[in-house]
Amino acid sequence: MAATSIKQLIQQMIQPYVPKIVIGIVTSEDPLQVTLQNDININLSAISLTIPDRLKPINVGEYFYMFAFNNGKSYYMMDRVGEHG
């Protein structure tokens, strides 16, 4: 969609660089795998994740709030959501 104003043009230009908040669930500990809650087809490995020490250890079944950076290629775990079940 073409921008019809300066505001829309700027929003389109910065959109890829604005982090999004997503929720992921740990599906495997070794090797670490996290699946995005809204897209079960996306499984993240440790290479894509930055996990602060305060969130370790990570257990299967835990949900985390994460920032998605770099068009969904990098994720930063912010905090636990808690277990759903």
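Residues: numbered from 1 along the sequence shown. Keep in mind that this is a model prediction, so the values were computed, not measured.
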Residue list, side-chain contact (heavy atoms from CB on, under 4.5 Å) with Lys73, at least two apart or on another chain: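 Residues passing side-chain contact (heavy atoms from CB on, under 4.5 Å) with Lys73: Asn70.
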
Can you find a pair of side-chain heavy atoms, one from Ile51 and one from Phe64, that are under 4.5 Å apart?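 Ile51 vs Phe64: side chains apart.
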
Within-4.5 Å side-chain heavy-atom neighbours: Leu55 and Arg80: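 Result yes, sub-4.5 Å side-chain heavy-atom pair found.
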
Which atom names give the shortest non-hydrogen contact between Ile23 and Met66, and what distance separates them?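 Answer, listing the atom of Ile23 first, then Met66: C-CE, 4.4 Å.
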
Single-linkage hydrophobic cluster, 4.5 Å side-chain cutoff, Val18 and Tyr76 together: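 Cluster IDs for Val18 and Tyr76 differ.
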
Do Ile21 and Tyr63 belong together in a cluster built from hydrophobic side chains that touch within less than 4.5 Å?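 Yes, one cluster joins them.
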
According to the salt bridge (Lys or Arg N to Asp or Glu O under 4.0 Å) rule, which pairs have a member within residues 40-59, sequence neighbours left out?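 For residues 40-59: Asp53-Lys56.
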
Sequence neighbours excluded, every pair satisfying salt bridge (Lys or Arg N to Asp or Glu O under 4.0 Å) that has a member inside residues 36-49: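 Checked against salt bridge (Lys or Arg N to Asp or Glu O under 4.0 Å) - neighbours excluded - no pair reaches residues 36-49.
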
Only counting residues at least two apart or in another chain, list the ones meeting ring-ring contact (aromatic ring centres under 6.0 Å, His included) with Phe67.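 Once residues adjacent in sequence are excluded, the partners of Phe67 under the ring-ring contact (aromatic ring centres under 6.0 Å, His included) criterion are Phe69.
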
Identify each donor-acceptor pair in which a side-chain atom of residues 26-36 lies under 3.5 Å from a protein atom, sequence neighbours left out, and give them as a table.
| unit_1 | atom_1 | unit_2 | atom_2 | d |
| --- | --- | --- | --- | --- |
| Thr27 | OG1 | Gln33 | O | 3.3 |
| Ser28 | OG | Pro31 | O | 2.7 |
| Glu29 | OE2 | Val60 | N | 3.3 |
| Thr35 | OG1 | Asn43 | OD1 | 2.5 |

